[in-house]
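Please read these numbers as outputs of a predicted model, since none were measured by experiment. Order of the sequence lines fixes the chain letters, A, B, ..., with proteins taken first and strands second; residue numbering starts at 1 for each chain.
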Amino acid sequence: MQAAKNIQHYRQRMAKLQPLIALFILCVILSFLSDKFLTVTNVWNVMRQISVNIIISTGMTLVVLTAGIDLSVGSVLALCGAITAGLLKNGIELPSSNLYIGFTIFGACIAGLAAGAVLGLFNGWAITKFKVPPFVATLAMLTVARGLTMLWTKGFPITGLDSKFAHLGTGWFLGVPLPVWVSLIIVLAAVVITNKTVLGKYIYAIGGNERAASLSGININKIKIAVYSIAGALAAAGGLIVTSRLDAAQPNAGTGYELDSIAAVVIGGTSLSGGRGTILGTVLGAVIIGVLNNGLVLLNVSPFWQQVVKGLVILAAVIIDKANTKSE
Amino acid sequence: MQAAKNIQHYRQRMAKLQPLIALFILCVILSFLSDKFLTVTNVWNVMRQISVNIIISTGMTLVVLTAGIDLSVGSVLALCGAITAGLLKNGIELPSSNLYIGFTIFGACIAGLAAGAVLGLFNGWAITKFKVPPFVATLAMLTVARGLTMLWTKGFPITGLDSKFAHLGTGWFLGVPLPVWVSLIIVLAAVVITNKTVLGKYIYAIGGNERAASLSGININKIKIAVYSIAGALAAAGGLIVTSRLDAAQPNAGTGYELDSIAAVVIGGTSLSGGRGTILGTVLGAVIIGVLNNGLVLLNVSPFWQQVVKGLVILAAVIIDKANTKSE
Amino acid sequence: MLVADNISKKFPGVTALDCVSLELQGGKVTALIGENGAGKSTLMKILSGVYTDYEGNIIHNGNIVRFKNTRDAQAKGIAIIHQELNLVPGLTVTENIFLGCETLSPLGLLDKKQMRSRTLQLLGRLKLDVSPDAQVESLKVGQQQMVEIAKALLHNAEVIIMDEPTSAIGDKEVKVLFGIIEDLKKEGRIIVYISHKLDELFTIADTYVVLRDGRFIESGNMKDVSHDVLIQKMVGREITTGRQKTNVEKSGELLSIEGLTLFKNNRQTAKLLKNISFKLHKGEVLGIFGLMGAGRTELLETIFGLHAGRATGKILINKKECSITSPAAAVKAGIALVPEDRKKDGLVLSLDVKENISITTLHQLLTAGMVNGNKASSLAEEYINNLRIKTSSQKQQVKTLSGGNQQKIVLAKWMATNPYVLMLDEPTRGIDIHAKTEIYKLISQLASGQMGILVVSSEMPELLAIADRILVMSDGCITADISIQNATEDKLLTAAIPKTN
Amino acid sequence: KSNTTSSKPKKVAVIVSTLNNPWFVVLAQTAAAQAQALGYETKIFDSQNNTATETDNFENAISAGYNAILFNPTDADGSVANALEAKAAGVPVFCMDREVNSVNAATSQILSDNYSGCVSIGKYFVEKMNRQGKYAEILGLVGDNNTWNRSKGFHSVVDFYPGLTMVAQQSADFDRNKAMEVMESILQAHPDINAVFCGNDAMAAGAYQALAAAGKADNIKVFGFDGAEDVIESIQSKKIVATGMQFPKVMAKTAAIYADEYFKGKRDFPKKMPVAVELVTQENVSEYTGYGKKDQ
Ligand SMILES: Nc1ncnc2c1ncn2[C@@H]1O[C@H](COP(=O)(O)OP(=O)(O)OP(=O)(O)O)[C@@H](O)[C@H]1O
Ligand SMILES: Nc1ncnc2c1ncn2[C@@H]1O[C@H](COP(=O)(O)OP(=O)(O)OP(=O)(O)O)[C@@H](O)[C@H]1O
Ligand SMILES: [Mg+2]
Ligand SMILES: [Mg+2]
């Protein structure tokens, strides 16, 4: 019994630990190849760069745990970033009833986040109410949100934002970049949610066996809608950071982010069929990808070779995991 | 018993029929909005345009039926197209042992298809031998194959191919464009495989209940590897057609095709969790997407609005399905 | 002749088998007996090539064999009916029966005609009335289990292992199966038969082998042992079976069903349940008997809000009408359902014992809005002890529990909610005789409180043992309402047989 | 024939390589606006940087009965087949900004010469750097031949000066955000660089953002290419050193006017009409605005 318990704990630790081994090996190799890699500034640099993916992937993890998927994160990020930027710069004008509403930075950010949550809510609504497969529902949202972004920005970046807003993406606090703080807080919140709250337990149950979960009296739809809304809001949060770092909202921002974040989730050991996985695993997945991108540039690998190397390393990273967890 | 039987057939017909209804509605609307839509030339147009996606999606369907996924189709398409084009134009030169191998059109095509099969084989190998999740394995291949394409083409399109080669993409036979013939043949083959062969049954069994399948003595790995190889070869076939239509192999051809083809599969009613779905459903899915793209262009919808409309229509199409099949 | 020689098998945290030896002769039915988790299924999985890493030897017709996989074992003429259904839901009956050994036409294509006609033969032999083209998922558990049996018969193997083949089927089907087993005996096949229904063993088996905690206890001839001796051997000490409580004082009415009707789907008018009405009182155990396909599961599911939209009629709890449109609503209203198919409907296999037990009561385990791990553990601990659930720890995945112990987990998670109305659909399916008596005790304890209990069972003795009153159903109608005092097996049966007209 | 068709207004299609970069949005919208002003029904087709999609657009445009195509190709070689298809269907094609490598596919090509544009940037770069120092180059999409035209033009000058060493050459896919992140990482490896040349203005803006955040904006010179609005502003405010101004509006308008003349019966168009790329520096920036000269 005791032995068994230990094995259990050991396994669980493993499950989280595995990507760590791959990451460790990667870092060792890189720090051998480039003396610039393990410098303080570069570490913060990498952290800042991956913070956005971490934020998005946290939401994605919740979605994937329910055996769902969210392809719309990239466009939602773009749209919400653009909304915030637009409101900051131009506010809302209704020439008809000659009305003008200006927005404080805070107000604009809240608006952006709210927009993200609403878009996510739509996803969840289509998925639960009409039983549309998550892949299709969020694919539709991917196109729609991108189109709306183009319409809202007319295809041009919204630039020249309030300099204080740039602080969110570029500022530091206690020697740590603000985006890193944000991602840190979000990750902590998500860890608590998944491990300690009813919502978290239900998410795992739904992903594990939806039928059994609903027969246990869980309101599947409510949970799913909540999860997709959270994912949307987090994508929006990513959008705010990207916008403020660039001091511009790009109409084509976030293109292809869905793959990056799903990759982080899966490399982190979460199963796309739902029910098993951890937030921390996802974080490690995101870090691996980020470190890789950074390393390839530091080593000035030719753009031609980069993709080849990147693909192989990711494959290797996952194989290392599996090799070490095969035992079960 | 009789009753049960009827229910069965009814259901099965339904499963195939549903997207048809959505498609029908779509066509009716479009032909009202544009007199150009239902013209002979335009119909062949659409058919030719979707043939590539149909070919790729056929392979994708097999993969998804085994509860897998193949994100690498786009890059594989590009790489194999480039390989064929390169061999056609330059053959293989080994200055060292001053050797030169020229390629006939047929030879070059075979080489391209073989390359596709091999890349697919790698996917299957990583997935079965190392238990890498299909998403990661094929994502890695997506990057690697793209990189290899860049290396092989040095970033420039390979043009000025044998004019006979262009025939494959642009020629007609019995009043039907050749690409349409190719896709037709491939679809028929796939329908036979899924319905009439052991391979097909095993594909469904693996997707439906992998454990039961292996307890029944099925060699899961062999089947999976076969399926991914087929998918790779079909992606390559798509690459040949694209290349010959353009009379040029583009380094960045096929970018984002993975989403298009998965969309076709899912809209066609195949479940991403495997085990249920049909080739014909996928074909309908691809047709819906193709007709939609074509229609939006014929109608005077601005490019920005197009994306919004496209997303909404796809959503609507799937909702119509569900509405009609909800009963069960 | 098949011999298992000193076979041991360890799983992380458990020794499932510990130097077990047994000898199986042709033309005989060997009964394999043991409590839940004794190691029966594990041993059989080794003999049939599912588990390939074990210590000890399998000796097949005198020479040592080591199966590489199940196909290998099949080739050596060993077929097994697994305890847990192993069918592909999306495929048809025919496709499932022939999975892995399809017959091909000269062209190398599937010979569907051939396979279909063989299937029809098998179904006929099993007197199973389903279409060979029906998707397996559209069949009821019982029907699915018959398909499993057909699948095993297909190979006409030399060794046929049956791991609780009758756990989900009614007496009629059991008789058919026994007939077939007799034939196989005459043909000199080796048959291993695992069941927790002892009386079955006495009718069909020639020899017995008892396992306890993964160890071989003893073997012998069925005719030399008595019912109680056998129980004593498998449990290790005396236990008393039989009826627990006698009279029931009917305090107020708890649940009342009025004119409940269920349509097959919202288009057609075909009814699965026809105008069902009955009452359940506080402290009452109401048994529901019927043959397979009578509509009992549908009845419970409908009360539980699973078929809202397809159903009409009133449900009153404590005389108050409540509209139950979803399981969530049912749970709020104080109804609990222990479903028929534990794997599909009862458990989240990827989660562990603790998480599965606490899933229904999480809201009562909160401290400061957070789920309190200790509360959850003590809850799980309580039921692991009460129901004697055999698990290596609270953190063992339920997937890896023995069949019977999984069933106990499902019971536990619903008892934890202590509802007004507890509905049990085949509650002791696959549960060993000892645990059964435990559960009977529990049921009567619960009933002695405020709770009312609905028990669906295909085992008459079970109902007669625990119920205060028995409803009999036959194709969607209640055909009899018999109080326990004047309930007899043949009364129940006559009421259960559908009137053919 | 002319009077049968002249009954209903002629239709002009604008097929543009992509719309997810403002420069092309300007090109497409100006062309469409101009054609409309000349009294034609117009529609913009987005090829999404994919030559196969472009082929679809051509087929659809032709079968939808458009009478002329104002064309911004996705690829000099890959798009030839498309242009030829239009020609075969009797639809004149007028190329804008990018050329198609074929003498007779297009009726006329109004081109912005990326190569020589970057040659002049290269010259100015050398001058500003006093022929020595370390620099990084940020490329566009590796699979896009304009990426290489620009890079080659730049290097055709700069590589003659041994004092100038390129310490990093990375791709950022013409994307502002990618450019920023690539720049951040390059700065880690080479804090001591003196300049960065970017394949387009979006990337220049992104690179500048990274430099500004790292407090290096003043001692590292940023060079871009395109003449995008915000980069012109940045040059005015002395943030970015120089960019190559292409004239999308000019090219678009010319193309539309040619189409108009074609309908009116004119046939002798210059096969190629180069529109020179002008170097925009902090000295002469006052004459320019986004995507063109002030006076346009
Ligand atoms: N895959 C596994 N991983 C870990 N433990 C396992 C696994 N399979 C079985 N066990 C354990 O091995 C023991 C024997 O299990 P087995 O299924 O053989 O019991 P059984 O005799 O068939 O019980 P039942 O009558 O309930 O079917 C049980 O304690 C079970 O928990
Ligand atoms: N999915 C289904 N498709 C077709 N018929 C069904 C389906 N589900 C139930 N039925 C039919 O509804 C009736 C009631 O079945 P049900 O299983 O509820 O009866 P039961 O008495 O619970 O049988 P069991 O003893 O297996 O629990 C049967 O005629 C059954 O064949
Ligand atoms: Mg068992
Ligand atoms: Mg039942």
Contact winner vs chain B - A:V313, A:I262, A:L259, heavy-atom pairs under 4.5 Å: A:I262

Within 6.0 Å of CZ in B:F122, more than 12 heavy atoms from elsewhere: no

Any pair counted as side-chain hydrogen bond (donor to acceptor under 3.5 Å, both in side chains), so long as it reaches residues 259-274 of chain B, sequence neighbours left out: B:S271-B:S273

Approximate separation, where rounding is to 0.5 Å, of B:M141 CE and A:L315 CG: 8.5 Å

Residue pairs passing the salt bridge (charged side-chain N to carboxylate O under 4.0 Å, His left out) test where at least one lies in residues 203-212 of chain B, sequence neighbours excluded: B:E210-B:K224

Option in A:V136, A:V309, A:I267 with maximal non-hydrogen atom pairs under 4.5 Å from chain B: A:V136

Contact listing (chain B partner; residues 288-304 of chain A; heavy atom under 4.5 Å): A:F304

A:L312 versus chain B, the contacting section by heavy-atom distance below 4.5 Å: both

Leading residue by heavy atom contact count with chain B [cutoff under 4.5 Å; candidates A:T149, A:L148, A:V266]: A:V266

Part of B:E258 within contact of chain A (heavy atom distance under 4.5 Å): side chain

Choice from B:P133, B:A137, B:A140, B:A263 maximising heavy atom contacts with chain A below 4.5 Å: B:A140

Atom group of B:L151 that falls short of 4.5 Å from chain A, counting heavy atoms: both

Other residues, nucleotides, ligands: >12 heavy atoms within 6.0 Å of B:W152 CH2: yes

Residues from residues 67-79 of chain B approaching chain A under 4.5 Å (heavy atoms): B:L71

Contact leader toward chain B among A:V144, A:L272, A:I314, A:L142, where contacts are heavy-atom pairs under 4.5 Å: A:V144

Choice from B:M150, B:Q307, B:K154 maximising heavy atom contacts with chain A below 4.5 Å: B:Q307

